[in-house]
Amino acid sequence: MRQNTLLRLLGGAALLALASVTGSYPAFAEEKAAVEDAKPFDIKSVDTFSGAFLAARTADVDRDFASATELYKIALQFEPNNSDVKQRLMITLLMAGKLDDGVKIAEDLKSDPAVERITTVVRAIEAIRKREYRSAQKLLAYDGPNDLDRLMNTLLSSWAKFGQGRPKEALAQIKALDGPEWFRVFKNYHAGAIALAAGDKTTARARLNDAILDREGGSAAPDTFMRAVEALARFEAREGNKQKALDTIAVGEGMVNNYTPLEALRKSIEEGKPQEQQVRNAVQGAAAVLFSIGGALNREGAEDVVSLYLQTARQLDPESADILVMLGGIAENLKKDEEAIALYKSVPEGSPMRRLSELQLGLSLASIGKVEEAKKHLRALIDVDPKNIRSYLAYGSVLSDAKDYKEMGELYDRAVAAIGPVPKRGDWTVFFQRGIAYERQKIWEKAEPNFRKALELNPDQPQVLNYLGYSWVDMNINLEEGLDMIRKAVELKPDDGYIVDSLGWAYFRMNRFDDAVTELERAAELMAGDATINDHLGDAYWRVGRKLEAVFQWNQALELKPEEAEIPKIKAKIENGLPPLKARVPAAADAKETLPKKTGPGTATPDKKS
């Protein structure tokens, strides 16, 4: 089951509803704009309900939850019984990590039928945190129709039963939980974790084995899958089954290549270090439930709801490294790099996630302009563990951003040496990035073998197919093979505007202008607002005689802030158009690249040629 399907199925849950209103507020668009245009103000100076409420909602939309909570409190001073304001205050308190204060509002609203499901869950989580497990179990009783509510409440209730010393009943409750197939990985992991905490080794091994063999479930909920892998590996290591523990890690590595926490756990087990389970009690178990669901929902556009689950989980398990790292990743995606840095720094030193947090910390430092500090930080990580390939990819990303292609090439030379003579499939990205570094230095004789090696390791990688195919077409060599590669890349990623642009531009370079217009128009639809694509489309329009439209596209490209080197070229085209056609000659590749982004564990977004 694909993750987007899972998201659709989960969409009606109580906590999803709780966070869904933290998005935009169309009815207040004009007022919000007015506040944004105003000068910064002192929160304490707000002296009307409307002023406080509007400013609070603006801060809410901007995800400034600390300011939002203070402003909602001021609004309540004017209208103490306003339930809408109380609801928003409860939400922002939870989003700001203030569970104690959020629970007080939930208690006040517990009789409000509009938010009863929400307040019930919040109160139950607080009861678990206080180890009032019987109260929590009563609150978590649920017979409604929503799958996610049923899954979450059942798992939380099972951990509450475990907290009461009733592990067999907890396991039976999970086993009896009926639901769609995507329930399976969640049920198996949490049943395994409860069995481990209860000392039921047979059940623990069976359920965790079922979890890590569920590849479909692992794809839908990779963070829960990885927790299962780590739990089983630690269990087998403690039982003296070192090879079984390492084999378990290998299963996880088969799902996510170069996943730093697994590499750290493998090293720890190989060195015979003592292994402690991440979830050892009911409170940590409840945090794991919230983490499981938050992780399954974690994707662009769902930041608020995921943050809500994770912030609540963090209150239950403050030192959970994977919760901190995921929150850091969300902060990065929202361009809150200082917040991300603080989260990464808070990951405990001894955690297998520490290395990953250090890598992301380096990337965040570069994002806020501290490039030299980021370089120093990432170089130190490579020196400490020169076999860790993710360290090279992280440092390479910083060098690529800085357009330091010479050092980038040297870095990936070291990475290839660290990989050794028998690279794995997942190492394709190292060769791809090394190829880019040499191509950017115009050393094609070194670039091309790396692109070919990347394709040998991963023959259907669309970014590599696109980059190599485009380079050939642009240099007027291997034209048909290059065009076939780009077409294949488009088939693999038909909605990638950069790759579709490559196909259109390849047609343009081959003087197939009608085909170029068709593809470049589609690329412009897919990637609205990209200067390079608009520039290319203008060129294609000119060649088919649509000169007014060409000039319009070139002007659009200028407004979209192209690279400095392209500005005089575009201005010259606006002034004089394109020169008359002449015979094709080899030309240096002049396409743009989209630099690697910092993403989740085991992933790297490569450069794109357009």
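Worth saying up front: this structure is predicted, and the values here are computed from it rather than measured.
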[Y]/[X] salt bridge by N-O under 4.0 Å criterion:
X    : Y    : result
E276 : R234 : no
E70  : K73  : yes
E253 : R266 : yes
R390 : E263 : no

Sequence neighbours excluded, which residues qualify as salt bridge (Lys or Arg N to Asp or Glu O under 4.0 Å) partners of [X]?
X    : answer
E132 : none
K168 : none
D200 : none
D112 : none

Run Q284 and Q278 through side-chain contact (heavy atoms from CB on, under 4.5 Å) and show every step you take. CA-CA 8 Å; Q284 291 173 328; Q278 184 172 5; over 6 Å; no

Which pair of heavy atoms, one from [X] and one from [Y], lies closest together, and at what distance?
X    : Y    : result
F186 : A296 : CZ-CB, 3.9 Å
A59  : L71  : CB-CD1, 4.5 Å
S357 : V325 : CB-CG2, 4.1 Å
M255 : S219 : CE-N, 3.7 Å

Quick one, D60 with I91, criterion side-chain contact (heavy atoms from CB on, under 4.5 Å). Give me CA distance, side-chain angles, the key distance, then yes/no. CA-CA 10 Å; D60 208 340; I91 294 166; 5.8 Å; no

Output, in order, the C-alpha distance, side-chain angles, deciding distance and verdict of side-chain contact (heavy atoms from CB on, under 4.5 Å) for W182 and D147. CA-CA 10 Å; W182 55 263; D147 285 334; 3.9 Å; yes

Any residue meeting side-chain hydrogen bond (donor to acceptor under 3.5 Å, both in side chains) with [X], in chain and number order, not counting sequence neighbours:
X    : answer
R414 : none
K273 : E271
K424 : none
E303 : none

Residues forming a side-chain contact (heavy atoms from CB on, under 4.5 Å) with A288, sequence neighbours excluded: Y189, H190, R227, V279

Between [atom1] of [X] and [atom2] of [Y], what distance do you get to the nearest 0.5 Å?
X    : Y    : atom1 : atom2 : result
L93  : Q311 : CG    : CD    : 12.0 Å
L378 : E373 : CG    : CD    : 10.5 Å
M95  : R88  : CE    : CZ    : 8.5 Å
L359 : Y392 : CG    : OH    : 12.0 Å
S400 : Y412 : OG    : OH    : 7.5 Å
K387 : I389 : NZ    : CD1   : 8.0 Å

Strictly by modelled atom types, are [X] and [Y] linked by a side-chain donor-acceptor pair under 3.5 Å?
X    : Y    : result
E230 : Q277 : no
E300 : N333 : no
Q173 : S158 : yes
R355 : S391 : yes

[X] [atom1]: over 12 foreign heavy atoms closer than 6.0 Å:
X    : atom1 : result
R238 : CZ    : no
E319 : CD    : no
R134 : CZ    : no
K336 : NZ    : yes

Within a strict 4.5 Å, meaning less than it, do heavy atoms of the D322 and D223 side chains meet?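 No, side chains not in contact.
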
Test item: L196 and T203 side chains (from C-beta on) under 4.5 Å apart, heavy atoms: no

Any donor-acceptor pair under 3.5 Å linking the side chain of [X] with the backbone of [Y]?
X    : Y    : value
R166 : G163 : no
S268 : A264 : no
R215 : L213 : no
N241 : A237 : no

Is there any salt bridge (Lys or Arg N to Asp or Glu O under 4.0 Å) pair reaching into residues 284-295, and which pairs are they, with sequence neighbours excluded? none

Could you give me the CA-CA distance, side-chain angles and deciding distance for Y309 and R314, then say whether side-chain contact (heavy atoms from CB on, under 4.5 Å) is met? CA-CA 9 Å; Y309 280 110; R314 186 183 180 189; over 6 Å; no

Contacts table for residues 341-354: side-chain donor-acceptor under 3.5 angstrom, sequence neighbours left out:
unit_1 : atom_1 : unit_2 : atom_2 : d
Y344   : OH     : G328   : O      : 3.3
Y344   : OH     : G329   : N      : 3.2
Y344   : OH     : E332   : OE2    : 2.3
S346   : OG     : L343   : O      : 2.6
E349   : OE2    : R354   : NH2    : 3.3
S351   : OG     : M353   : N      : 2.9
R354   : NE     : E358   : OE2    : 3.2
R354   : NH1    : K345   : O      : 3.4
R354   : NH1    : V347   : O      : 2.5
R354   : NH2    : E358   : OE2    : 3.1

Might you work through the side chain to side chain donor-acceptor pair (under 3.5 Å) test for Q315 and E126, ending with a clear yes or no? CA-CA 9 Å; Q315 301 308 302; E126 174 66 356; over 6 Å; no

Under the criterion salt bridge (Lys or Arg N to Asp or Glu O under 4.0 Å), I'd like the reasoning laid out for E239 against K201: C-alpha separation, chi angles, the key distance, then a yes or no. CA-CA 10 Å; E239 290 298 295; K201 298 177 182 180; 3.2 Å; yes

Kindly say whether the aromatic ring centers of W428 and F431 come within a distance under 6.0 Å. no

List the steps and the verdict of salt bridge (Lys or Arg N to Asp or Glu O under 4.0 Å) for D304 and R63. CA-CA 8 Å; D304 288 333; R63 299 182 173 93; 2.8 Å; yes

Taking distance alone, no hydrogens or angles, what donor-acceptor pairs closer than 3.5 Å link side-chain atoms of residues 99-107 to residues at least two apart or in another chain?
unit_1 : atom_1 : unit_2 : atom_2 : d
D100   : OD1    : R129   : NH2    : 2.1
E107   : OE2    : R123   : NE     : 3.4

